[in-house]
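Structure record follows, encoded as structure tokens.
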Amino acid sequence: MWSRRVVAGTALLPLALLVPAHAPPPGLRPLPAGVASGRTDAARADARDAARPAIVGRGAWEADEDLVREPATYTGRPRAVFVHHTAHGNTYDCGDVPEMLRALQREHVLSMGWDDVGYNFLVDRCGTVYEGRAGGVSRPVRGAHTKGFNADSVGVAAIGTFGAGTEVPEAVLDSLVRLTAWKLRPGADPRGRVRMVSSNSESRFPKGTRVRLDVVSGHRDSFRTRCPGDALHDRLPRIREDAARLRRTAAATAPGGG
């Protein structure tokens, strides 16, 4: 939770859970969703690819690559997903999201002092998934989304504010489920827990502390913040269950998956 920009817009029409990826704003071309790849680790790789949502790349939302201070760094394949919200208003027009992302990038780099956008991915209220930090959507890019636990994790931010009593759009939940099912390393259980080591004493845990976190955690679980808001944090159990179900389904239907 970093940005405080608010953009007014229109009301949301709810979308069903676990439907094909939602259309991006007019004029934006998403990177194609994954399909069976024929790689040697067929069942697991294809299962992950089958869960991949369509993603609007940085070129499509016109990220300012001249702002990027350092090349992307890479870590281990994600063992955990940290869910955030951006603290924007919730009534923005989804067609305005590329402009909002450009402002967010400027804030993260020029105000926060980071190398680039902190989050690996962002999801708007219409369910469109955007590439955040540069480095390749399929690669394990190290983000700047949660102090102490950026290694071996992925940060996904829902664009909006989801405090207590706020309705979380079905389209947002759908995309969070798909990202979780796709980005977690093979064998990870979205419903499980993972051992991680804090690398920063500004987190909830002193540097070097070994902790057990939910594989799908909220930002507040690792850092002293209200992010991702009570309403979205309360939906994490559903995201875990649906992501696990999607991974099982994808594995069963992928070539070689039985």
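Throughout, residue positions are numbered sequentially from 1 according to the sequence presented. This structure is a prediction, so every number in the text was calculated from the model and none was measured. Atom set for the values below is all heavy atoms of this structure, side chains included, hydrogens, waters and symmetry mates excluded.
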Next on the checklist: I'd like to know if the side chain of R210 and the backbone of M196 have a donor-acceptor N/O pair within less than 3.5 Å.
Outcome noted: no

Checklist outcome for this item: Nearest heavy-atom contact between H88 and T161 is O-OG1, 2.6 Å

Checklist entry - Backbone N or O of G208 within a donor-acceptor pair of the S198 side chain at under 3.5 Å? => result no

Checklist entry - Taking S217 for the side chain and F82 for the main chain, is one N or O donor matched with an acceptor at less than 3.5 Å? => result no

Next on the checklist: Check for me, please, whether V216 and L213 land in the same ILVMFWY cluster - side-chain distances under 4.5 Å, paths through other members count.
Outcome noted: yes

Item to check | W61 side-chain N/O to G132 backbone N/O, donor-acceptor pair under 3.5 Å | outcome: no

Next on the checklist: Are the side chains of D221 and H233 in contact, using a 4.5 Å heavy-atom criterion?
Outcome noted: yes

Next on the checklist: I'd like to check P98 versus Y130 (side-chain heavy atoms, cut-off strictly below 4.5 Å). Are they in contact?
Outcome noted: yes

Item to check | Exceeds 12 heavy-atom contacts within 6.0 angstrom, atom CZ of R212 | outcome: yes

Item to check | Worked check of side-chain contact (heavy atoms from CB on, under 4.5 Å) between V68 and Q105 | outcome: CA-CA 9 Å; V68 179; Q105 183 189 25; 4.1 Å; yes

Item to check | Residues forming a side chain to side chain contact (heavy atoms under 4.5 Å, CB included) with T73, sequence neighbours excluded | outcome: R142

Checklist entry - Looking only at atom types and distance, does a side-chain atom of D116 sit under 3.5 Å from a main-chain N or O of A134, one as donor and one as acceptor? => result yes

Checklist outcome for this item: Minimal heavy-atom distance between R139 and G135, with the atoms involved, is CD-O, 3.5 Å

Checklist entry - Is there side-chain contact between D214 and R193, with at least one heavy-atom pair below 4.5 Å? => result yes

Next on the checklist: Is any side-chain heavy atom of E107 closer than 4.5 Å to one of T86?
Outcome noted: no

Checklist entry - Taking side chain as C-beta onward, heavy atoms only, is H145 less than 4.5 Å from R133? => result no

Checklist entry - How close do A243 and A181 get, heavy atom to heavy atom, and via which atoms? => result O-CB, 3.8 Å

Checklist entry - If you take all heavy atoms of S175 and G127, which pair is closest and at what distance? => result OG-O, 2.5 Å

Checklist entry - When hydrophobic residues are tied together by side-chain contacts of less than 4.5 Å, even through go-betweens, does L236 share a cluster with V194? => result yes

Checklist entry - Going through the checks in order, is the side-chain contact (heavy atoms from CB on, under 4.5 Å) test met by S222 and R204? => result CA-CA 5 Å; S222 63; R204 281 191 176 274; 5.8 Å; no

Item to check | With V156, the side-chain contact (heavy atoms from CB on, under 4.5 Å) member among T180, L176, L122 | outcome: L176

Item to check | Atom CZ of R69: over 12 foreign heavy atoms under 6.0 Å | outcome: yes

Next on the checklist: As a quick check of understanding, evaluate salt bridge (charged side-chain N to carboxylate O under 4.0 Å, His left out) for D230 and R226, giving each step before the final call.
Outcome noted: CA-CA 7 Å; D230 290 347; R226 294 183 178 179; over 6 Å; no

Next on the checklist: Using only atom types and a distance under 3.5 Å, with no angle test, would you say the side chain of H108 pairs donor to acceptor with the backbone of W114?
Outcome noted: no

Next on the checklist: On a heavy-atom basis, which atom in A231 and which in T166 lie closest, and how many Å separate them?
Outcome noted: CB-O, 3.2 Å

Next on the checklist: Any non-hydrogen side-chain atom of L173 less than 4.5 Å from a side-chain atom of V168?
Outcome noted: yes

Next on the checklist: Would you say V215 ends up clustered with V211 if hydrophobic residues are merged whenever their side chains have heavy atoms under 4.5 Å apart, either directly or through other cluster members?
Outcome noted: yes

Checklist entry - Looking at V129, V137, L246, which hits side-chain contact (heavy atoms from CB on, under 4.5 Å) with W182? => result V137

Next on the checklist: So which atom in G218 and which in P228 form the shortest heavy-atom distance, rounded to 0.1 Å?
Outcome noted: CA-CD, 3.9 Å

Checklist entry - Between Y119, F121, F223, F162, which is the residue that forms a ring-ring contact (aromatic ring centres under 6.0 Å, His included) with H84? => result Y119

Next on the checklist: Can you tell me how the ring of F149 sits relative to the ring of F205, calling it parallel under 30°, perpendicular over 60° and tilted otherwise?
Outcome noted: perpendicular

Next on the checklist: If you define the side chain from C-beta out and look only at heavy atoms, does anything of R79 sit under 4.5 Å from R185?
Outcome noted: yes

Checklist entry - Are V141 and L104 joined in one hydrophobic group, where the rule is that I, L, V, M, F, W and Y side chains link up if heavy atoms are under 4.5 Å apart? => result no

Checklist entry - Going through the checks in order, is the side-chain contact (heavy atoms from CB on, under 4.5 Å) test met by N150 and T75? => result CA-CA 9 Å; N150 289 317; T75 181; over 6 Å; no

Checklist entry - Do P190 and I239 come within less than 4.5 Å of each other through their side chains, counting heavy atoms only? => result no

Checklist entry - Is the backbone of D64 close enough, under 3.5 Å, to the side chain of R102 for a donor and an acceptor to pair up by distance? => result no

Checklist entry - Would a hydrophobic clustering, with Ile, Leu, Val, Met, Phe, Trp and Tyr connected at side-chain separations under 4.5 Å, put M100 with V109? => result no

